[in-house]
*Asks:* 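Below is one structure. I have some questions about it.
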Number of protein chains: 2
Amino acid sequence: MQHHAPPQDTSDNGQDSPRDAHLLDALVTAAFIVMAAITRIGAEHDLSLSLMRVLGILWDRRLRMTDLADYLGLEKQTMSGLIARAEKRGLVARAPSREDRRATDVHLTESGALLVAELRRQGQTALRPVIAGLGPEDRRHLADLLQAMIAGRAG
Amino acid sequence: MQHHAPPQDTSDNGQDSPRDAHLLDALVTAAFIVMAAITRIGAEHDLSLSLMRVLGILWDRRLRMTDLADYLGLEKQTMSGLIARAEKRGLVARAPSREDRRATDVHLTESGALLVAELRRQGQTALRPVIAGLGPEDRRHLADLLQAMIAGRAG
DNA sequence: TATTGTTATACTCTATAACTATA
DNA sequence: TATAGTTATAGAGTATAACAATA
């Protein structure tokens, strides 16, 4: 999908401009580049994207199974398996909630926290070459525009 | 990972600046937003990211199994299964290569080509709200900067 | 009754290993 | 011998369905 720009049919839309199509293609290409780097780093540590997201969310929080599942848009059964495997590896721990005896809180272990810190370091190292071709001025502009896009997006 | 900015240790690196860290965080957040949209559209059609990439690559090409696997960074056995399932669904077809009798060429069926066209339409529709908050000037700048980044990246 | 979480089951995606056919 | 592809097998990630314990 990100490897080429096949002939496009945009005539039936009315809202599209060729300029926007270029921007959208660039966004998709950039997204694949960034995700490839993140996925590769995860693979080196035997971590799926979902598990990396779970660990990242738990960095400064302690959450219930259901909240975690909602956060990632997964079913609670899926989260059960994900957390069970992560717990077996010593990355997270479960503890019964004191507010609701049906609920289970999940938190990072010390080992899990160390791993998250390491992942962040490796992520920055891996992504730095991606922006290596831009000068300081362009980097500032790109950061501003992306943040405006993120903050202002509809849907 | 994309949901917050935990305290970072960048002191051991020497190459990092706080500004770059902001840019890298914005790139990651934007990548997750874009991939979420793409993944959701794929899920609506029962397509994994890998299968979407395969179909996209085959849009204007006919490739061997091994080339496809190399393109996606997967093992050839994995590609065998992926293509077998896609073929069963009528999205792609296999044909023996005439140059090398060991090899198998894969190409889109008509149904597969229609699906790719539809995916591209839906992708553009889904991503348009993401850039809705930016004016025409900002869109042009963002497209230029992303393209410069993509073209100029190291690694 | 409704909610929280787990277990049972099935399918996709991925990999390693072993195999067949061709080069 | 090396390469192209498939099949066999195993494990992670995902979902639907059924269940237990608690609210």
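Each chain gets a letter, A, B and so on, in the order the sequences are listed, and its residues count up from 1. Computed over heavy atoms, backbone and side chain alike; hydrogens, waters and symmetry mates excluded.
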*Asks:* From the set D:dG5, C:dT14, C:dA23, return the single nucleotide nearest to any side-chain atom of B:D100.
*Replies:*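 When the side chain of B:D100 is considered, C:dA23 is the closest of D:dG5, C:dT14, C:dA23.
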*Asks:* Roughly, in whole Å, what's the span from CG in B:L47 to C1' in C:dC11?
*Replies:* 15 Å
*Asks:* Rounded to the nearest angstrom, tell me the gap between atom CG in B:L74 and atom C1' in C:dT16.
*Replies:* 15 Å
*Asks:* Looking only at the side chains, is there a donor atom on one of B:H45 and B:E118 sitting less than 3.5 Å from an acceptor on the other?
*Replies:*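 Note: B:H45 and B:E118 side chains miss the donor-acceptor criterion.
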*Asks:* Quickly work out the A:E99 CD to C:dT3 C1' distance and round it to whole Å.
*Replies:* 15 Å
*Asks:* Count the heavy atoms of every other residue, nucleotide or ligand shown that sit under 6.0 Å from CD of A:E99, and state whether that count exceeds 12.
*Replies:* no
*Asks:* Take atom CZ of B:R62 as the centre, draw a 6.0 Å sphere, and report whether it contains more than 12 heavy atoms from other residues, nucleotides or ligands.
*Replies:* yes
*Asks:* Separation of A:I83 atom CD1 from D:dA12 atom P, in whole Å?
*Replies:* 15 Å
*Asks:* Charged N to carboxylate O under 4.0 angstrom, B:R128 versus A:D20?
*Replies:* no
*Asks:* For B:E75 and D:dT6, give me the distance from atom CD to atom P, rounded to whole Å.
*Replies:*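 Result: 14 Å.
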*Asks:* What is the distance, rounded to the nearest whole Å, between atom CG of A:L49 and atom C1' of D:dT14?
*Replies:*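 After rounding, the reported distance stands at 14 Å.
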*Asks:* Counting just side-chain N and O atoms, does B:T104 come under 4.0 Å of either OP1 or OP2 of D:dA4?
*Replies:*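 Indeed not, no polar side-chain atom of B:T104 lies that close.
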*Asks:* Looking at D:dG5, I'd like to know if its phosphate oxygens (OP1 or OP2) sit under 4.0 Å from a side-chain N or O belonging to B:R94.
*Replies:*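 Answer no for this pair, as no side-chain N or O of B:R94 is under 4.0 Å from OP1 or OP2.
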*Asks:* Using 4.0 Å as the upper bound for N to carboxylate O, is an ion pair formed by A:R120 and B:D25?
*Replies:*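 The answer is yes: the pair qualifies as a salt bridge.
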*Asks:* Choosing from D:dG13, C:dT6, D:dG5, which nucleotide comes nearest the side chain of A:S80?
*Replies:* C:dT6
*Asks:* Does a distance-only test, which skips hydrogens and angles, find a donor-acceptor pair under 3.5 Å between the side chain of B:R102 and the base of D:dT3?
*Replies:* yes
*Asks:* Classify the nucleic acid contact of B:L82 as base, sugar-phosphate or nothing, counting any heavy atom under 4.0 Å across all strands shown.
*Replies:* sugar-phosphate
*Asks:* Find out whether B:H107 and B:L58 are in side-chain contact, i.e. whether some heavy atom of one side chain is under 4.5 Å from a heavy atom of the other.
*Replies:*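 Contact flag for B:H107/B:L58 side chains = no.
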*Asks:* Got a sec: does the CZ of A:R19 have more than 12 other heavy atoms crowding it under 6.0 Å?
*Replies:* no
*Asks:* Of the options C:dT6, D:dT6, C:dT4, whose atoms approach the side-chain atoms of A:R64 most closely?
*Replies:*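 For the A:R64 side chain, the nearest candidate turns out to be C:dT4.
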*Asks:* What's the closest nucleotide to the side chain of B:Q77 if the choices are C:dA17, D:dG13, D:dG5?
*Replies:*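 The nucleotide sitting nearest to the side chain is C:dA17.
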*Asks:* Counting side-chain heavy atoms from C-beta on, which of D:dT14, D:dG5, D:dT6 comes nearest to B:A103?
*Replies:* D:dG5
*Asks:* Give the dot-bracket line for DNA chain C from 5' end to 3' end: parentheses for intra-strand Watson-Crick or G-U pairs under 3.5 Å, square brackets for crossings, | for inter-strand pairing, dots for unpaired.
*Replies:* |||||||||||||||||||||||
*Asks:* Using whole Å, report how far CG of A:D46 lies from P of C:dA15.
*Replies:*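 Taking atom P of C:dA15 as the reference, CG of A:D46 is at 12 Å.
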*Asks:* Is the phosphate of C:dC11, meaning OP1 or OP2, less than 4.0 Å from a side-chain N or O of B:R85?
*Replies:* no
*Asks:* Does a side-chain N or O of A:S50 approach OP1 or OP2 of D:dT14 to a distance below 4.0 Å, or not?
*Replies:*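 Affirmative; the distance criterion is met.
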*Asks:* What is the distance, rounded to the nearest whole Å, between atom CZ of B:R101 and atom C1' of D:dT3?
*Replies:*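 B:R101 atom CZ is separated from D:dT3 atom C1' by 15 Å.
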*Asks:* Base, sugar-phosphate alone, or nothing: which one does B:S48 contact when heavy atoms must sit under 4.0 Å apart?
*Replies:* sugar-phosphate
*Asks:* Give, for atom CG of A:L127 and atom CD1 of A:I41, the distance between the pair rounded to the nearest 0.5 Å.
*Replies:* 6.5 Å
